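Heads up: the structure comes next, in structure tokens.
These values consider heavy atoms only, across backbone and side chains, with no hydrogens, waters or symmetry-generated copies. Numbered from 1 within each chain, the chains take letters A, B, ... in sequence-line order. Just so we're clear, the structure is a prediction, and the values are computed from it rather than from any experiment.
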There are 2 protein chains.
Amino acid sequence: MNISAASKLVGLPVKTVRYYSEIGLVEASSRSDAGYRIYNDMAVRKLMFIRRSRSFGFTIEECRELLSLYQDQGRSSAQVKLIASKRLAEIEIKQLELQSLHKELAHLVKACRGDHRPDCPIIDYLG
Amino acid sequence: MNISAASKLVGLPVKTVRYYSEIGLVEASSRSDAGYRIYNDMAVRKLMFIRRSRSFGFTIEECRELLSLYQDQGRSSAQVKLIASKRLAEIEIKQLELQSLHKELAHLVKACRGDHRPDCPIIDYLG
DNA sequence: CTTGACCTTCCAGTAGCTGGAGGAATTAAG
DNA sequence: CTTAATTCCTCCAGCTACTGGAAGGTCAAG
């Protein structure tokens with residue numbers, strides 16, 4: 001399978017697949033005589049794994065760790081859980097931040113008449 | 001006031017203040033003979049305005065617009081409200097994303113025993 | 001007069017791609 | 001069999017919003 005076929009199957013842009021190969025995250029299983037990347041089933045499965053991991057917001061480095069755990073039969077689930085818990089905590093922090101941001105900004109937006117006049121509680125708050 | 005005094009007053013790193021001057025967001029009010037940036041009250045107020053705007057997650061370009069509205073006596077509050085509403089909508093989208101992410105990941109983390117054994121619902125889900 | 005803290009500019013790097021140039025290879029059509 | 005379109009390659013640049021560091025000028029204190 002060449003890169004565009006793999007890309008379609010996995011649901012990642014060709015550029016991204018090439019990027020992952022460049023940084024050594026998921027390499028092509030081999031190269032054709034002309035130097036084209038060739039992806040076999042295992043490589044495609046790894047790309048899928050990465051796509052799903054990325055969609056959870058794991059960083060590339062975390063994805064690298066997760067992928068190596070995925071391939072490691074001797075892993076402990078504790079190692080996986082640790083990484084996932086860390087990400088979960090980050091999500092929770094972000095949620096709290098957004099909550100307070102939303103509260104404040106929604107309040108200001110609501111208080112702003114949004115007409116032709118210049119007086120504006122949003123600007124007043126920022127200034 | 002030189003850059004470090006302004007930086008302390010405003011609560012932004014010196015590097016950031018210099019960066020804002022470089023991109024023409026908030027310029028120093030003047031320069032000393034030696035070429036040092038000098039910030040007067042107005043410049044400091046602008047920096048404060050930007051710091052607060054940034055803390056709401058407005059992009060630099062949005063901050064630029066907001067700042068120019070801040071300084072424009074002929075602005076309409078509608079212009080300000082539009083930008084703020086856009087940001088509010090982004091926040092709400094992000095909140096929904098995080099909500100579903102959190103739900104899914106929390107579920108997986110909960111289901112993972114986190115012991116020495118290799119079987120792991122998180123890895124199973126990703127793979 | 002020297003020391004140390006500050007200031008300047010410029011260059012490079014961060015994360016995770018994305019776009020594009022220039023050139024080779026493959027494929028489909030005529 | 002030639003041509004044109006598509007796909008592939010590598011390499012370089014750019015995105016956001018800074019941040020770190022090098023090389024060198026400036027300033028106040030002792």
Side-chain angles (χ1 to χ4, degrees), chain A residues 1-40 43 46-47 49-67 83 86-87 90-91 94 97 101, chain B residues 1-40 43 46-47 49-67 83 86-87 90-91 94 97 101:
Chain A
M1 206 182 310
N2 64 12
I3 197 167
S4 65
S7 143
K8 270 174 202 119
L9 201 57
V10 170
L12 284 173
V14 169
K15 272 280 188 186
T16 301
V17 175
R18 214 174 269 131
Y19 173 69
Y20 288 165
S21 119
E22 192 184 312
I23 62 172
L25 181 57
V26 179
E27 317 239 23
S29 48
S30 63
R31 295 275 187 148
S32 76
D33 290 350
Y36 287 19
R37 285 174 184 83
I38 295 168
Y39 291 86
N40 62 12
K46 287 188 205 173
L47 284 172
F49 183 92
I50 295 299
R51 184 179 57 71
R52 296 205 187 102
S53 304
R54 286 288 299 136
S55 77
F56 273 113
F58 290 108
T59 66
I60 293 286
E61 287 317 305
E62 285 164 344
C63 289
R64 217 186 276 275
E65 285 184 70
L66 287 170
L67 183 59
I83 299 175
K86 232 186 61 194
R87 177 69 193 128
E90 283 171 13
I91 290 173
K94 198 80 194 163
E97 283 174 13
L101 230 54
Chain B
M1 207 181 311
N2 64 11
I3 198 167
S4 65
S7 143
K8 269 173 202 122
L9 201 57
V10 171
L12 284 172
V14 168
K15 272 279 188 186
T16 301
V17 175
R18 213 175 269 133
Y19 173 69
Y20 288 164
S21 120
E22 192 184 311
I23 62 172
L25 181 58
V26 178
E27 319 239 24
S29 49
S30 63
R31 295 275 186 148
S32 77
D33 289 351
Y36 287 19
R37 287 175 183 80
I38 295 169
Y39 290 86
N40 63 11
K46 287 187 204 173
L47 284 172
F49 183 92
I50 296 299
R51 183 178 58 71
R52 296 206 187 100
S53 304
R54 286 288 299 134
S55 78
F56 273 114
F58 290 108
T59 65
I60 292 285
E61 286 317 306
E62 285 164 346
C63 288
R64 214 186 279 275
E65 285 184 69
L66 287 170
L67 183 59
I83 299 174
K86 233 186 62 195
R87 176 69 192 127
E90 282 170 13
I91 289 172
K94 198 79 194 165
E97 283 174 12
L101 230 54

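Counting heavy atoms from C-beta outward, B:Leu9 and B:Tyr39 have side chains that stay 4.5 Å or more apart.
Within the nucleic acid shown, B:Ile23 has no heavy atom closer than 4.0 Å to any nucleic acid atom. B:Phe58 comes within contact range of no nucleotide atom at all, as no heavy-atom separation falls under 4.0 Å. Nucleic acid contact for A:Thr59: sugar-phosphate only, since backbone atoms but no base atoms lie under 4.0 Å from a heavy atom of the residue.
When the side-chain nitrogen and oxygen atoms of A:Thr16 are compared with OP1 and OP2 of C:dG16, none of them lie within a distance under 4.0 Å. Remark: A:Arg37 is not in phosphate contact with D:dC8, judged by side-chain N or O atoms under 4.0 Å from OP1 or OP2. For the OP1/OP2 pair of C:dC6 and a distance below 4.0 Å, the side-chain nitrogens and oxygens of B:Asn2 include no atom meeting the criterion. Look at A:Arg18 and you won't find any side-chain N or O under 4.0 angstrom from OP1 or OP2 of D:dC8.
The side chain to side chain donor-acceptor pair (under 3.5 Å) search around B:Lys8 returns none, not counting sequence neighbours.
Side-chain N/O atoms of B:Tyr36 and base N/O atoms of D:dG25 include a donor-acceptor pair closer than 3.5 Å.
Residue A:Ile50 contributes atom CD1, which lies 11 Å from atom P of C:dG16 at whole-angstrom precision.
Toward the 5' end of DNA chain D, the nearer of the two residues B:Lys15 and B:Ile60, judged by each one's closest nucleotide, is B:Ile60.
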